[in-house]
There are 2 protein chains.
Amino acid sequence: MRKSGGRNSGNATRSGALARRMLGVPMKFGEDTEIYGEGEPVEYAYEVEKGAIRTVKVLTDGRRKIGGFYFAGDIFGLEDGTDHDLSAETVGPATVRVIKRQTLIQLAADDRKFAEELLAIAMSDVGRAHRHALMLIMTAHERVKAFFVEMAQRIAIGDLVQLPMSRQDIADHLGLTIETVSRTITALAGTSTLALPSSRLIVLRNRSALMRGAGAEFEAGGH
Amino acid sequence: MRKSGGRNSGNATRSGALARRMLGVPMKFGEDTEIYGEGEPVEYAYEVEKGAIRTVKVLTDGRRKIGGFYFAGDIFGLEDGTDHDLSAETVGPATVRVIKRQTLIQLAADDRKFAEELLAIAMSDVGRAHRHALMLIMTAHERVKAFFVEMAQRIAIGDLVQLPMSRQDIADHLGLTIETVSRTITALAGTSTLALPSSRLIVLRNRSALMRGAGAEFEAGGH
DNA sequence: CGACGCCTTGATAAATGTCAAACGTCGTGG
DNA sequence: CCACGACGTTTGACATTTATCAAGGCGTCG
């Protein structure tokens, strides 16, 4: 379904809770590669070391939903229940630290500080999921703006955002069609809110215009 | 904004992680009463003992979003960060167990089993938020159906669902207008998928028709 | 009995999705 | 080195869904 430029996103290797402790085994994955599938048992937790990951759910009628994107330093795959609710795939080539869920729980039991950190990660995931849900009740323009605000916070280098994901991925994350996303981005470029040297390269020209109406409360809490 | 019949939802007192351990102080609240406000510091965690709670966010332009509903046995208020992202209000008169967040963390540190349970609660919240987000990308009909499927799982007594919340609450939870919700419910009653003896009383007449297309994956995982 | 709030229903407008085609970029092969 | 082809993206015309505006019904409580 994809091929795209093998250009991988420029976000540097940020270290997260696992990397700092040298936990887990780094594994490399190619582009558009499944790391775990929907319905598979939850056995591991993962931390992105390099690249980007998306969690995906495909409905029976073919519609696709992207639960979230994970970048360097982010942890994913932490779910309750026995089976994964969504599958996880690489957006581009990526390196991921893998650790047994059971090991993680064990470590948490032995190390109180780590336990708190783990709980904090789970709770911040709750916050992220809530913000995502909040975003989905807004208009198409607001959703797209909110998406860029989030990307600005998470993967911007200065005013530059190098998008690792396709328009289709963005659309599936925002619950919109690719056409609506494309039109909205064009409109934002028209008002000089942002500029796009290429479709995957976004320059933030006016952050306050971007924030305006884009949830208006995405700065608070900053996760 | 509300007055409604003081009829409180019939769901019995289910006990959750706190009540089972006799933790926290039970407090009574009247209808439509704020338990904590958006922006307030996160100091306590809460468990519903009786009644129903909604978490609310009001956007600057007046739009209202309901993050979720919590019923007997459910825990809410567990957030990371220092401030609440959404406020919490009673839907009808309710009893809520209140416990200091710090106490909870302390307990978790001492009791490994409890720590795991706490982590599981946070993770299941993530799951719920994801399902909510998933629901929000579907059509109005599907969202309403999914809502009733969820209610059927969470507060049904047999085939009877006694809704504690107003149409407006449902609309704000589903990201729809009250009119669209109303029309959709009428349509579902028209196809005998459900019957409504009164606006707050729903009889599930055809669960499979309700599930059909309503996410189709809401049974799996059952939280 | 009357008023108020909630819910439903109807007519119309606006937003977004669908279908279709053209454009640009990039990699491949002549 | 250039031409072609594939794919992702953009743009356009039109259909559909949902929101908005407006009014009426219905039950509940004072």
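From a predicted model like this one, the values you see are computed outputs, not experimental measurements. By convention in this document, chain letters (A, B, ...) are assigned in the order of the sequence lines, proteins followed by strands, and residues within each chain are numbered from 1.
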Take the protein atom [atom1] of [X] and the nucleotide atom [atom2] of [N], then report the distance between them rounded to whole Å.
{"X": "A/I185", "N": "D/dG8", "atom1": "CD1", "atom2": "P", "answer": "16 Å"}
{"X": "B/E31", "N": "C/dC6", "atom1": "CD", "atom2": "C1'", "answer": "13 Å"}
{"X": "B/M165", "N": "C/dC6", "atom1": "CE", "atom2": "C1'", "answer": "16 Å"}
{"X": "A/R64", "N": "C/dG17", "atom1": "CZ", "atom2": "C1'", "answer": "18 Å"}
{"X": "B/L201", "N": "C/dC7", "atom1": "CG", "atom2": "P", "answer": "13 Å"}
{"X": "A/L176", "N": "D/dT9", "atom1": "CG", "atom2": "P", "answer": "15 Å"}
{"X": "A/I137", "N": "D/dA19", "atom1": "CD1", "atom2": "P", "answer": "11 Å"}
{"X": "A/Q168", "N": "D/dT9", "atom1": "CD", "atom2": "C1'", "answer": "11 Å"}

- How would you list, by chain and number, every residue that makes a side-chain contact (heavy atoms from CB on, under 4.5 Å) with B/A120, sequence neighbours excluded? none
- Does B/T177 have any side-chain contact (heavy atoms from CB on, under 4.5 Å) partners at least two apart in sequence or in another chain, and if so, which?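 Residues passing side-chain contact (heavy atoms from CB on, under 4.5 Å) with B/T177: B/E179, B/T180.
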Applying salt bridge (charged side-chain N to carboxylate O under 4.0 Å, His left out), name anything that partners [X], two or more places apart in sequence or on another chain.
{"X": "A/R97", "result": "A/E49"}
{"X": "A/D83", "result": "none"}
{"X": "B/D125", "result": "none"}

Using a 4.0 Å heavy-atom cut-off, does [X] contact any base of the nucleic acid, only the sugar-phosphate backbone, or nothing at all?
{"X": "B/T186", "result": "sugar-phosphate"}
{"X": "B/S182", "result": "base"}
{"X": "A/L196", "result": "sugar-phosphate"}

- Task: Kindly say if A/T177 contacts the phosphate of C/dT18, meaning a side-chain N or O under 4.0 Å from OP1 or OP2.
- Result: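 The answer is no; no side-chain N or O of A/T177 sits under 4.0 Å from OP1 or OP2.
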- Message: Just N and O in the side chain of B/T180: are any of them under 4.0 Å from OP1 or OP2 of D/dT18?
- Response: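 No, because none of the side-chain N or O atoms of B/T180 sits under 4.0 Å from OP1 or OP2 of D/dT18.
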- Message: Once ring pair (Phe, Tyr, Trp, His ring centres under 6.0 Å) is applied, do any residues pair with B/Y36, and if so which ones, sequence neighbours excluded?
- Response: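 B/Y36 satisfies ring pair (Phe, Tyr, Trp, His ring centres under 6.0 Å) with B/Y46, B/H84 once adjacent residues are dropped.
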- Item | Partner set under ring pair (Phe, Tyr, Trp, His ring centres under 6.0 Å) for A/H130, not counting sequence neighbours | none
- Gap between atom CE of B/M135 and atom NE2 of B/H173 - 0.5 Å precision: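 The distance works out to 4.0 Å.
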- Can you tell me how far the OG1 atom of B/T90 sits from the CZ atom of B/R54, to the nearest 0.5 Å? 7.0 Å
Between N or O atoms, less than 3.5 Å apart, protein on one side and nucleotides 19-21 of chain C on the other: list the pairs.
from   : atom 1 : to     : atom 2 : distance (Å)
C/dC19 : N4     : A/E179 : OE2    : 2.9

- Query: How far does the helix from C/dC1-D/dG30 to C/dG30-D/dC1 bend, going by the axes of its first and last five pairs, to the nearest 10°?
  - Reply: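 So the angle between the two local helix axes works out to 30°.
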